[in-house]
Student: 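Okay, handing you the structure first.
Position 1 is the first residue of the sequence, and the numbers go up from there.
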Amino acid sequence: MNIHIVCVGKIKESFYRDAVNEYSKRLSRYCKLKITEVADENTPQNASEVLEEQIREKEAERILKAISDHTYVCILAIEGKEYDSISFAKEIDLLATNGNSDITFVIGGSLGLSQSVYRRADKKISFSKMTFPHQLMRVILLEQIYRGYRIIHNEPYHK
């Protein structure tokens with residue numbers, strides 16, 4: 001299974017980078033993981049809706065270029081479907097069973113994702129109704145993918 005995470009922006013804090021590196025290492029025994037960071041746009045304070053949409057579109061162009069044509073795309077969006085860890089694991093396993101050996105997860109920037117990325121998505125996933133910093137969301141996503149593989153392989157995990 002190939003897991004690709006496309007995210008807007010770089011991780012600046014070393015503790016987030018350390019967590020991403022740790023989960024990447026742990027996941028290497030279950031899947032081939034690739035993380036692609038695309039550049040984020042500076043958003044001025046008090047930006048108009050028009051400017052915010054232009055920023056989302058610029059970021060979307062970069063996101064869509066990073067996504068291959070044959071991959072199954074899951075975007076992280078507040079209005080997406082919520083899963084518990086067991087059902088998320090089952091979803092990953094079901095995708096693999098149904099021949100989707102490439103899954104791409106997309107984490108947007110501070111303004112979210114443009115409609116063009118929404119249209120490319122095969123599934124919308126929500127981890128909460130809350131908003132998280134995109135750097136922290138990368139760690140949470142990696143942890144849940146790792147936990148999902150532990151569940152799929154009937155290995156112990158914290159409940």
Side-chain angles (χ1 to χ4, degrees), residues 1-11 16-17 19-41 53 55-155 157-158:
M1 171 78 73
N2 298 308
I3 302 286
H4 185 195
I5 298 174
V6 177
C7 31
V8 175
K10 293 191 178 296
I11 292 185
Y16 286 138
R17 276 196 309 273
V20 166
N21 290 336
E22 179 62 26
Y23 283 111
S24 297
K25 184 174 72 175
R26 291 182 186 191
L27 278 165
S28 67
R29 65 183 281 229
Y30 300 106
C31 66
K32 184 179 176 194
L33 177 67
K34 177 181 175 186
I35 299 174
T36 302
E37 295 175 332
V38 299
D40 55 349
E41 291 289 317
E53 185 55 33
I55 290 169
R56 277 191 292 272
E57 281 303 322
K58 285 180 184 177
E59 292 174 347
E61 288 175 22
R62 296 176 190 131
I63 290 168
L64 294 171
K65 281 182 186 173
I67 297 172
S68 70
D69 292 337
H70 65 279
T71 191
Y72 187 92
V73 178
C74 299
I75 62 170
L76 277 56
I78 289 175
E79 67 279 0
K81 181 176 179 179
E82 290 188 26
Y83 293 88
D84 60 28
S85 294
I86 293 171
S87 62
F88 184 66
K90 287 179 182 175
E91 185 70 22
I92 291 171
D93 196 34
L94 183 64
L95 286 169
T97 302
N98 289 334
N100 294 299
S101 61
D102 292 298
I103 303 172
T104 298
F105 293 92
V106 178
I107 302 171
S110 60
L111 297 176
L113 296 167
S114 77
Q115 289 304 307
S116 59
V117 177
Y118 272 78
R119 285 189 296 274
R120 175 59 180 92
D122 296 296
K123 183 172 287 295
K124 292 182 283 196
I125 296 174
S126 174
F127 280 82
S128 172
K129 296 292 181 206
M130 295 179 177
T131 301
F132 296 103
H134 58 276
Q135 294 133 333
L136 176 59
M137 197 62 236
R138 194 180 316 181
V139 175
I140 293 170
L141 174 61
L142 285 167
E143 190 280 333
Q144 284 299 302
I145 294 169
Y146 172 70
R147 183 180 297 262
Y149 276 110
R150 301 278 297 183
I151 293 167
I152 291 165
H153 289 91
N154 296 313
E155 297 171 352
Y157 68 99
H158 296 290

Student: Look up atom OG1 in Thr97 and atom CG in Leu95, then write down how far apart they are to the nearest 0.5 Å.
Tutor: 8.5 Å
Student: Can you name the residues that form a side chain to side chain donor-acceptor pair (under 3.5 Å) with Ser24, not counting sequence neighbours?
Tutor: none
Student: Apply side chain to side chain contact (heavy atoms under 4.5 Å, CB included) to the pair Leu33 and Ile145, showing each step before the final yes or no.
Tutor: CA-CA 10 Å; Leu33 177 67; Ile145 294 169; 5.7 Å; no
Student: For residues Leu113 and Gly108, report the shortest heavy-atom separation together with the two atoms involved.
Tutor: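 Heavy-atom minimum between the residues: CD2-CA, 3.4 Å.
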Student: Under the side chain to side chain donor-acceptor pair (under 3.5 Å) rule, collect the residues that match up with Tyr16, sequence neighbours excluded.
Tutor: none
Student: Which is it for Tyr83 and Lys90 under the side chain to side chain contact (heavy atoms under 4.5 Å, CB included) test, yes or no, and what are the steps along the way?
Tutor: CA-CA 10 Å; Tyr83 293 88; Lys90 287 179 182 175; over 6 Å; no
Student: Rounded to the nearest 0.5 Å, how far apart are CD1 of Ile152 and CG of Leu94?
Tutor: 10.0 Å
Student: Considering only heavy atoms from C-beta outward, does the side chain of Glu57 approach that of Ser116 to under 4.5 Å?
Tutor: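 The answer is yes; the side chains approach within 4.5 Å.
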Student: Just how far is it from atom CE of Met137 to atom CE of Met130, taken to the nearest 0.5 Å?
Tutor: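 Separation between the atoms: 12.5 Å.
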Student: If you compare all heavy atoms of Ile125 against all heavy atoms of Cys74, which two are closest, and at what distance to 0.1 Å?
Tutor: CD1-CB, 3.8 Å
Student: Is the ring pair Tyr30/Tyr149 parallel, tilted or perpendicular, if the boundaries are 30 and 60 degrees?
Tutor: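 Tyr30 and Tyr149: parallel rings.
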Student: Kindly compute the distance separating CD1 (Ile11) from CD1 (Ile35), expressed to the nearest 0.5 Å.
Tutor: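 Going from the CD1 atom of Ile11 to the CD1 atom of Ile35 covers 7.5 Å.
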Student: Report the C-alpha separation of Arg29 and His153 in whole Å, then their side-chain angles, then the decisive distance to 0.1 Å, and conclude whether the side chain to side chain contact (heavy atoms under 4.5 Å, CB included) test is met.
Tutor: CA-CA 11 Å; Arg29 65 183 281 229; His153 289 91; over 6 Å; no
Student: Distance from Phe105 atom CZ to Arg138 atom CZ, nearest 0.5 Å?
Tutor: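 Between atom CZ of Phe105 and atom CZ of Arg138 there are 14.5 Å.
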Student: Using the side chain to side chain donor-acceptor pair (under 3.5 Å) criterion, which residues pair with Arg120? Sequence neighbours excluded.
Tutor: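 By the side chain to side chain donor-acceptor pair (under 3.5 Å) rule, Arg120 matches no residue at all.
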Student: With rounding to the nearest 0.5 angstrom, report the CZ to CG distance, Phe127 to Leu141.
Tutor: 5.0 Å
Student: With sequence neighbours excluded, what pairs up with Glu53 under the side chain to side chain donor-acceptor pair (under 3.5 Å) test?
Tutor: Arg56
Student: Given 3.5 Å as the limit, does a donor-acceptor pair link the side chain of Glu41 with the main chain of Glu59, or not?
Tutor: no
Student: So which pairs with a foot in residues 70-82 pass salt bridge (charged side-chain N to carboxylate O under 4.0 Å, His left out), sequence neighbours left out?
Tutor: Glu82-Lys129
Student: For residues 101-110, which residue pairs pass the side-chain hydrogen bond (donor to acceptor under 3.5 Å, both in side chains) check, not counting sequence neighbours?
Tutor: Asn2-Asp102, His70-Asp102, Thr71-Thr104
Student: Looking at every heavy atom in both Val38 and Ala66, which two are closest together, and how far apart are they?
Tutor: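 It is CG1-CB, 4.3 Å.
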Student: Minimum heavy-atom separation for Ala39 to Val8, with atom names?
Tutor: O-CG1, 4.1 Å
Student: How about Val139 and Val20: do any of their side-chain heavy atoms sit closer than 4.5 Å?
Tutor: yes
Student: For the residue pair Tyr72 and Lys123, what are the closest heavy atoms and their distance?
Tutor: OH-CE, 3.5 Å
Student: Which heavy atom of Gly80 sits nearest to which heavy atom of Ser126, and what is that distance?
Tutor: O-CB, 3.4 Å
Student: Are Arg147 and Glu143 ion-paired here, with the side-chain N under 4.0 Å from a carboxylate O?
Tutor: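 Result for this pair is yes, salt bridge flagged.
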Student: Has His134 got a side-chain atom pairing as donor or acceptor with Cys7's backbone, closer than 3.5 angstrom?
Tutor: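 Side chain of His134 to backbone of Cys7: no pair is present.
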